[in-house]
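Have a look at the structure below before the remarks.
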Amino acid sequence: MSKGDPILDSLNAQQYEAVTAPELPLLIVAGAGSGKTRVITRRIAYLIRDCGYFPWQIFAATFTNKAAGEMKRRVCQLLPHVPEHDLNIATFHSLCARILRRDITVLGYPLSFTIADERDQLSAIKHVMRELGISDKEIKPSYAQDVINQCKIRMLEPSDVGQVVQSRYEEQLAAIYEAYTKYLHGSSALDFEDLILMTVKLFTEHPEVLERYQARYRHVMVDEFQDINESQFTLVRLLTAGHHRLTVVGDEDQTIYSWRGADIRHILDFDKYYPERLLVHLEQNYRSTGNILQAASCVISNNTERFNKRLFTDAPQGAPVLLVEAETERDEALAVAELIREIQMRLRLPASEIAVFYRTAALSRTYEEKLRELRLPYRVLGGVRFYDRAEVKDLLAYLQVAFNPHNTLSLLRIVNTPKRGLGDKTIEKLLRRARERDTSLFAVMEEASQGGIVSPSATTALRELVEHIHTWNKLASTLLPSELFERIRNDIDYDASLGDPNQMEVRSRIENLDELHRSIVAYEGETYEPSLQGYLENVSLYSPTDELRDGEEAVTLMTLHTAKGLEFRCVFIVGCNDGLLPHGRSVEEGRLEEERRLFYVGMTRAREILILTYCGHRVYYGEPRYDFPSPFLNELPAKGVLRVDASRTNWARLVHALGQSCFAAEGEEFELSKTKEEERENVRSTVRPAVSRKVPAELVEGRPGRTDLLGKRVRHPLIGEGIVVETGGTGKDRYYIVEADDGSRTKFMARFAKFEVCDS
DNA sequence: TCTGATTCTGCTTAT
DNA sequence: CAGAATCAGA
């Protein structure tokens with residue numbers, strides 16, 4: 001190890017081994033906070049500097065653009081003479097898009113294909129279902145979407161599926177899949193899964209193309225390998241088939257995308273695919289305090305689908321993990337906001353070092369409200385997405401059409417926006433004609449604009465639109481994307497079509513469009529060779545973490561999923577309630593362990609302060625409902641966790657105390673217990689979150705120990721006191737009929753019932 | 001063909 | 001509660 005070497009210095013023994021390992025298939029099992037990014041970036045730099053690789057010969061796949069950007073930046077820091085655009089570090093989807101942009105024509109797609117996001121996908125599915133005469137009562141479009149995506153992940157094409165259908169239902173699904181595929185092809189569009197699938201197809205059906213890429217990509221790296229799905233893994237195996245030069249980094253405890261096809265087996269059984277593989281474990285955690293790591297390890301030790309890893313740290317114990325119980329959701333949010341204020345003030349943590357994580361995006365609202373009330377700056381990652389707003393989608397659709405007029409999906413969106421008298425009837429007629437002649441909607445529109453096919457007024461409108469599209473399509477290759485954007489916006493008078501600009505609503509929409517324009521300009525500024533195609537691709541593959549800019553002074557709110565790969569000095573995980581954090585749907589589908597991993601991912605993002613919160617009841621669907629604490633909270637160790645009741649806590653004093661324990665650092669090594677049994681011993685089994693005393697378990701349907709309320713006297717905020725005179729139904733349909741003292745009867749659904757049993 | 005109003009239905013998670 | 005689908009009426 002030479003002194004002053006930025007690539008090989010200041011690595012621990014395991015990290016050094018991983019960075020400099022020989023070029024056999026290498027599996028790096030990297031626990032949370034163990035310097036994974038550091039290792040992978042240095043290995044890339046090491047291969048380039050010391051092993052004779054050109055930067056572009058390394059194919060490095062990540063799962064988010066943010067991670068890719070960060071990795072590129074750090075590699076370039078290590079190798080100042082390497083320009084960023086020489087590196088092939090990107091998400092699987094972008095890397096595949098790049099390959100397809102070169103070579104997709106052999107699969108019968110034009111190079112100018114467009115990328116359909118999941119909303120486009122859903123509307124395409126609805127569209128073909130309508131054509132097939134399948135109502136969305138019979139098959140939910142979102143279900144069909146799920147099935148189609150699952151098929152694509154497993155690389156099953158419509159023809160494969162068509163042969164194995166067993167029921168009328170499956171037959172219909174197969175028919176939708178087939179029609180959808182045709183429809184997409186007709187629009188020259190690829191959905192997200194197609195990006196991977198088509199690349200796999202390209203490689204398997206055209207070995208000469210594969211050989212070219214195998215020769216180019218001499219080494220393949222995969223970050224977050226635990227989240228790889230079958231088609232992605234197939235792609236990796238194809239690319240490395242000849243040489244097996246492959247480095248993968250992952251942590252099976254952080255698999256959180258199995259619903260998207262991620263399969264934990266790929267990492268657990270890596271040696272089955274690559275028997276000669278080398279294995280390096282990174283087990284020292286450099287991120288979190290002892291208490292945080294201890295708590296997280298304790299929780300994750302309850303999982304069975306994992307290697308038996310033991311993470312350790314040299315860091316001091318630090319402050320205890322805080323577990324806050326609140327009465328209602330709003331109390332919970334208020335507690336969080338007040339804690340944030342105190343932490344900023346008393347512990348001098350900058351807002352950018354504080355994050356709030358939740359399981360579902362819908363939860364952010366209450367927290368936003370309270371943060372606003374206390375005037376604490378915040379930002380929400382991936383909330384109502386900017387790119388999902390109607391006006392933004394409209395203009396983007398125009399750009400899509402300018403880029404590729406045969407993109408029917410986008411064309412349908414804009415054909416009558418702004419209104420130009422091309423109603424449903426006309427469009428249906430044109431679509432039918434397009435289907436009959438097996439051409440695109442745009443081709444039929446061109447034809448119809450000559451007259452004789454649709455009504456005279458529609459013909460005029462069509463002619464004008466078609467001419468515009470021709471013009472924009474020509475301009476697309478000469479103007480900058482931002483110039484084309486303004487041109488289109490003017491040509492169609494879009495701003496004026498929104499209505500009176502004095503209205504707040506309209507003004508904010510116009511501002512959004514200005515913002516969109518700025519984002520295009522920004523793209524042009526930071527891109528090597530800006531193009532309309534490149535910009536549209538950026539937008540399609542955009543992810544919530546891309547919004548994260550360093551140094552912005554605001555508390556960050558995001559879902560647990562988007563939190564992966566990030567770290568903050570202070571982390572809140574809110575809504576730690578049963579049904580929400582192990583999410584009910586996930587548990588139903590048998591993914592409890594994945595929910596636990598999600599919780600673990602959240603916990604291990606925290607460096608110094610970790611605060612978990614839950615509440616006694618919250619509002620669902622506008623109705624209040626009792627909520628139980630998350631079962632994961634019972635898996636926390638007794639030591640190093642402080643439980644407090646929000647209604648009786650002086651936050652200022654508590655935070656002050658936290659600060660004391662934070663900075664009372666002792667240098668002694670903190671190692672976690674080695675076995676699951678030892679870890680379990682740390683868990684006091686009698687620990688029950690205090691809220692259970694407030695929630696009468698018998699009132700919640702489906703809970704063990706529920707007693708029948710028939711004949712009991714109850715109190716309800718709406719009707720006052722009354723007697724349960726009748727009960728019936730099962731599961732979530734269970735109801736109680738309560739006769740109030742004035743003789744009136746009211747029916748309550750058990751799952752929403754918010755009454756208390758009266759004594760006596 | 002367009003509009004506003006009303007009913008209906010459904011909250012994971014995201015490249 | 002909120003977005004989507006549907007419907008009445010101009």
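Letters A, B, ... are given to chains in the order of the sequence lines, protein chains preceding strands, and every chain is numbered from 1.
The two residues I125(A) and P141(A) make their nearest non-hydrogen contact at CG2-O, 4.0 Å. Residues F192(A) and S540(A) share a closest heavy-atom pair of CZ-O, 3.2 Å.
Look at CG on N416(A): it is 5 Å from P on dC2(B), rounded to the nearest Å. Nucleotide dT9(B) holds its C1' atom 10 Å from the NZ atom of K140(A), rounded to whole Å. Computed from coordinates, the K393(A) NZ to dG3(C) P distance equals 15 Å when rounded to whole Å. Nucleotide dC2(B) holds its C1' atom 13 Å from the CG atom of L422(A), rounded to whole Å.
dT13(B) and dA4(C): their C1' atoms are spaced 22 Å apart (whole Å).
Stacking here means ring centres nearer than 5.5 Å and ring planes tilted less than 30 degrees, and by that measure W259(A) stacks onto dT13(B).
The phosphate of dA14(B) has neither OP1 nor OP2 within less than 4.0 Å of any side-chain N or O from T64(A). Regarding contacts with the backbone of dA2(C), a side-chain N or O of R365(A) is found under 4.0 angstrom from either OP1 or OP2.
Here Y367(A) and Y378(A) keep their ring centres 6.0 angstrom or further from each other.
Heavy atoms of other residues, nucleotides or ligands lying less than 6.0 angstrom from CZ of R591(A) number more than 12.
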